[in-house]
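A quick write-up on the structure given underneath.
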Amino acid sequence: MSHTQNDFPFSAVQGQTSFKKALILAAINPSIGGVLVSGPRGSAKSTLARALANLLPANDNSPSPFVSLPLATSLEMLTGSLDIEQILTDKQLKFSPGLLSKADGGILYVDEVNLLPDHLVDQLLDVAASGINRIERDGVSHAHSSVFSLIGTMNPDEGELRSQLKDRFGLMVQLNAQLSLEERVEIVRSREAFDNNPQQFIDSYQAQQQQLAGQIVHARGLLSQISCDETLRFEIAKRCFSAQVEGVRADLVMYRAAVAHCAWRAGSQVALADIEAVEE
């Protein structure tokens with residue numbers, strides 16, 4: 001399932017600053033490794049995740065794919081399938097693409113990711129690590145590129161997430177649903193305006209949406225030119241070391257996220273403020 005242009009606009013979502021920031025950074029630099037969002041019901045988790053799709057840079061003039069992975073998906077729906085009959089009769093490889101093929105170059109979104117069955121989690125872990133999806137059936141195999149940003153949302157009340165899958169997400173955001181009275185009123189008002197006339201509401205945010213999308217494209221272009229001096233590299237290592245994280249994956253993610261944040265503000269050199277902006 002891809003998104004439509006009738007999604008609630010990203011820039012119209014009230015509050016949730018840290019979640020928005022994480023999504024934007026992951027869009028600027030997909031090698032950060034996606035975003036996991038944990039929070040109670042009604043905290044705009046899926047609204048924001050879906051809204052990101054309309055801000056992503058286009059691939060070859062077509063919109064970047066945004067693919068939802070439903071919990072009831074079969075392994076074959078995820079990986080795609082090979083038609084063995086066709087191969088035997090015509091000696092032709094007939095591959096029917098699955099969700100992993102459709103998400104290539106875009107976003108794979110899993111709502112309630114903590115409830116995803118183990119066999120799907122194993123497959124996701126393999127492909128997320130290698131960027132290649134391999135399908136084998138009766139001695140016939142097929143492989144294709146599958147490079148995507150993984151966005152997962154979950155309600156912690158419904159169970160824990162497998163630690164191997166948790167490790168695949170670069171950034172994690174904890175949301176709370178504690179909103180001020182003003183925010184609550186504003187959310188209901190904008191939702192009502194959207195429901196009454198979606199197109200008019202979307203049009204009213206068009207300029208903001210275009211500006212945001214333009215900033216993401218600009219920031220992507222700056223990534224390779226940004227420098228980070230030695231003292232700040234040590235600062236990242238120090239913070240990861242004092243947080244007692246295992247391995248250096250956290251250092252890599254923090255470094256990539258700080259560079260993306262620097263690009264987002266159109267800087268040329270990573271500053272301490274960039275590290276502090278992404279550390280949490």
Side-chain angles (χ1 to χ4, degrees), residues 9-13 15-37 48-49 51-66 104-107 128 131 145 147-151 167-174 205-243 245 247-280:
F10 190 91
S11 42
V13 177
Q16 304 305 12
T17 322
S18 58
F19 184 15
K20 284 181 174 173
K21 179 166 54 179
L23 289 173
I24 287 168
L25 294 178
I28 292 170
N29 186 359
S31 72
I32 284 170
V35 183
L36 173 63
V37 186
L48 260 177
L52 180 68
N54 292 322
L55 297 177
L56 293 176
N59 296 332
D60 311 324
N61 296 328
S62 63
S64 282
F66 180 92
D104 189 29
I107 282 175
S145 163
V147 179
F148 51 81
S149 287
L150 192 58
I151 295 179
D167 287 346
R168 282 303 333 155
F169 292 99
L171 303 174
M172 179 171 177
V173 182
Q174 299 266 14
Y205 279 91
Q206 191 62 31
Q208 279 171 272
Q209 290 283 99
Q210 281 173 340
Q211 187 189 351
L212 255 179
Q215 274 181 282
I216 289 172
V217 172
H218 183 64
R220 275 190 176 187
L222 292 177
L223 278 179
S224 58
Q225 302 155 35
I226 287 168
S227 60
C228 180
D229 71 30
E230 208 63 8
T231 51
L232 289 177
R233 288 176 185 272
F234 269 95
E235 187 59 37
I236 289 172
K238 198 168 78 187
R239 289 174 188 230
C240 291
F241 181 76
S242 63
V245 292
V248 290
R249 187 148 191 276
D251 306 55
L252 268 173
V253 169
M254 197 189 281
Y255 170 74
R256 286 171 183 160
V259 169
H261 192 271
C262 177
W264 174 244
R265 61 173 179 82
S268 59
Q269 195 159 10
V270 174
L272 187 59
D274 295 314
I275 296 173
E276 285 170 348
V278 303
E279 179 177 24
E280 188 191 346

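Please read all numbers here as calculations on a predicted model, not as lab measurements.
Checking side-chain atoms of Lys20 against main-chain N and O of Leu48 turns up no donor-acceptor pair under 3.5 Å. A donor-acceptor contact shorter than 3.5 Å links the side chain of Asp274 to the backbone of Ala271. Using modelled atom types, one side-chain atom of Asp104 and one backbone atom of Val147 make a donor-acceptor pair closer than 3.5 Å. For Lys21 (side chain) and Ala277 (main-chain N/O), a donor-acceptor pair under 3.5 Å exists by modelled atom type. At distances below 3.5 Å, not a single donor-acceptor pair connects side-chain atoms of Gln269 with backbone N or O atoms of Asp229.
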Contacts under 3.5 angstrom, residues 214-228 side chains, donor-acceptor by atom type, not counting sequence neighbours:
| residue | atom | partner | partner atom | Å |
| --- | --- | --- | --- | --- |
| Arg220 | NE | Ala27 | O | 2.8 |
| Arg220 | NH2 | Ala27 | O | 2.8 |
| Gln225 | NE2 | Gly221 | O | 3.2 |

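Considering CG of Leu25 and CH2 of Trp264, their distance stands at 8.5 Å, rounded to 0.5 Å. Taking CG of Leu171 as the reference point, atom CD of Glu280 lies at 11.5 Å (rounded to 0.5 Å).
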- Message: Walk me through whether Leu23 and Phe10 qualify under side chain to side chain contact (heavy atoms under 4.5 Å, CB included).
- Response: CA-CA 10 Å; Leu23 289 173; Phe10 190 91; 3.9 Å; yes
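The two atoms that bring Ile28 and Ala260 nearest to each other are CD1-O, 3.9 Å, heavy atoms only. Here the shortest heavy-atom pairing between Cys262 and Ser268 reads SG-N, 3.9 Å.
For Tyr205, the ring-ring contact (aromatic ring centres under 6.0 Å, His included) partners are Phe201, not counting sequence neighbours.
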